[in-house]
Amino acid sequence: MQFDPKRLAQARHVVVFSGAGVSAQSGIPTFRDALTGLWEHFDPARLATVQAFREDPALVWGWYEWRRQKVLQAQPNPAHLALAELARRVPRLTLITQNVDDLHERAGSPSVLHLHGSLHTPKCFACNRPFKGQLPLPDLPEQGASLEPPRCTGCNGKIRPGVVWFGEPLPQATLKAAFNAAEECDLLLSVGTSGLVQPAARIPQLALQHGACVVHINPQPQACTGAEEYSLKGKAGQLLPELLRQAFA
């Protein structure tokens with residue numbers, strides 16, 4: 001049985017759960033793909049920890065600033081734009097992302113729930129205050145370089161990236177809002193994510209358990225176990241615009 005796109009137009013509350021596959025089409029390297037040049041000798045798991053920042057804050061800050069530079073050079077792709085358009089077409093849409101870029105926002109999607117934080121919301125490593133200063137586009141060479149982090153204006157502590165590192169909990173308020181939306185929606189689109197990283201992977205399952213229709217959009221087919229679970233094989237930038245066209249034709 002195939003998914004009927006008209007169900008998008010009939011939905012009262014749509015949840016979109018997006019992952020790295022959405023931003024990869026904008027040319028943003030995924031977490032592990034980013035290890036080129038200077039970084040190819042480093043395990044990403046060793047750069048994305050509290051301990052790594054304590055031991056070499058300039059190395060960690062430089063890597064994340066290199067990643068942020070890549071994001072700022074990228075543009076939203078048709079998948080980001082289609083999801084922003086979908087939000088304008090349905091009564092309610094909740095966008096939950098595992099991505100740490102701002103491409104959903106730049107495409108026009110409001111109130112994005114960032115489960116893993118954002119490259120664009122740095123904070124103090126010592127006192128946790130949000131960094132209020134401007135982060136200019138770093139003048140980093142293609143292969144990246146160490147870069148001393150700025151200082152907190154409140155306590156003079158070092159500023160760290162606003163992403164969730166290995167060993168850190170997801171932001172609880174954001175996670176709770178995501179779980180609540182999954183339980184309340186009547187249709188969920190899982191786009192460009194493997195659905196393997198916990199606890200975020202619970203989101204599509206929660207939607208299914210509460211009676212929602214769940215549609216997986218991924219280049220790799222997803223095993224579907226429920227009558228209201230569908231797998232659409234392909235790139236998000238191609239499938240999402242076509243789904244919208246058929247839904248609202």
Side-chain angles (χ1 to χ4, degrees), residues 18-76 80 96-107 112-175 193 197 199-200:
S18 76
V22 175
S23 292
Q25 288 181 249
S26 290
I28 295 178
T30 62
F31 183 75
R32 294 185 182 276
D33 290 341
L35 297 190
T36 58
L38 173 67
W39 312 119
E40 65 186 350
H41 304 295
F42 292 93
D43 177 355
R46 294 186 61 191
L47 288 168
T49 65
V50 168
Q51 186 61 29
F53 190 79
R54 283 200 181 105
E55 292 176 356
D56 196 340
L59 179 71
V60 173
W61 181 258
W63 185 53
Y64 278 95
E65 280 295 275
W66 177 71
R67 291 183 67 197
R68 190 173 70 88
Q69 180 187 58
K70 293 294 185 186
V71 168
L72 292 174
Q73 292 170 347
Q75 296 298 321
H80 297 108
I96 306 162
T97 188
Q98 295 172 287
N99 298 335
V100 295
D101 58 64
D102 65 345
L103 293 179
H104 282 306
E105 287 90 341
R106 281 199 268 149
V112 181
L113 296 176
H114 283 271
L115 289 179
H116 295 158
S118 170
L119 292 168
H120 309 281
T121 57
K123 59 186 179 180
C124 179
F125 185 71
C127 71
N128 215 40
R129 281 190 184 95
F131 179 64
K132 298 298 186 183
Q134 284 291 108
L135 286 177
L137 181 64
D139 185 20
L140 296 177
E142 176 61 27
Q143 72 272 20
S146 292
L147 186 68
E148 196 63 33
R151 293 281 182 166
C152 175
T153 55
C155 73
N156 202 42
K158 292 180 178 179
I159 298 299
R160 57 159 284 180
V163 301
V164 177
W165 283 332
F166 289 110
E168 293 186 313
L170 300 188
Q172 290 305 298
T174 304
L175 186 61
T193 174
V197 180

Considering non-hydrogen atoms only, spot the tightest contact between [X] and [Y] and give its length.
X: R68; Y: L119; value: CD-O, 3.4 Å
X: A200; Y: L115; value: CB-CD1, 3.7 Å
X: C155; Y: C127; value: SG-SG, 3.7 Å
X: W165; Y: V50; value: CE3-N, 3.6 Å
X: W61; Y: P122; value: CH2-CB, 4.1 Å
X: R106; Y: L72; value: NH2-CA, 4.0 Å

Partners passing side-chain hydrogen bond (donor to acceptor under 3.5 Å, both in side chains) against [X] (at least two apart in sequence or in another chain):
X: S26; answer: N77
X: T193; answer: Q98
X: E168; answer: R160
X: E105; answer: H114

message: Taking ring pair (Phe, Tyr, Trp, His ring centres under 6.0 Å) as the definition, give me every residue that meets it alongside F131, ordered by chain and number, with sequence neighbours left out.
response: none

Distance in Å, [X] [atom1] paired with [Y] [atom2], rounded so as to fall on 0.5 Å steps:
X: H80; Y: S23; atom1: NE2; atom2: OG; result: 3.5 Å
X: R129; Y: T153; atom1: CZ; atom2: OG1; result: 7.5 Å
X: S118; Y: D101; atom1: OG; atom2: CG; result: 7.5 Å
X: Q75; Y: I28; atom1: CD; atom2: CD1; result: 10.0 Å
X: L147; Y: E65; atom1: CG; atom2: CD; result: 6.5 Å
X: Q51; Y: D56; atom1: CD; atom2: CG; result: 11.5 Å

field: side chain to side chain contact (heavy atoms under 4.5 Å, CB included) involving N128 - partner list, sequence neighbours excluded
entry: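 So N128 forms a side chain to side chain contact (heavy atoms under 4.5 Å, CB included) with K123.
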
task: Evaluate the ring planes of F53 and F125, with Trp represented by its six-membered ring, and classify them as parallel (under 30°), tilted (30 to 60°) or perpendicular (over 60°).
output: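 Plane angle between 30° and 60°, so tilted.
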
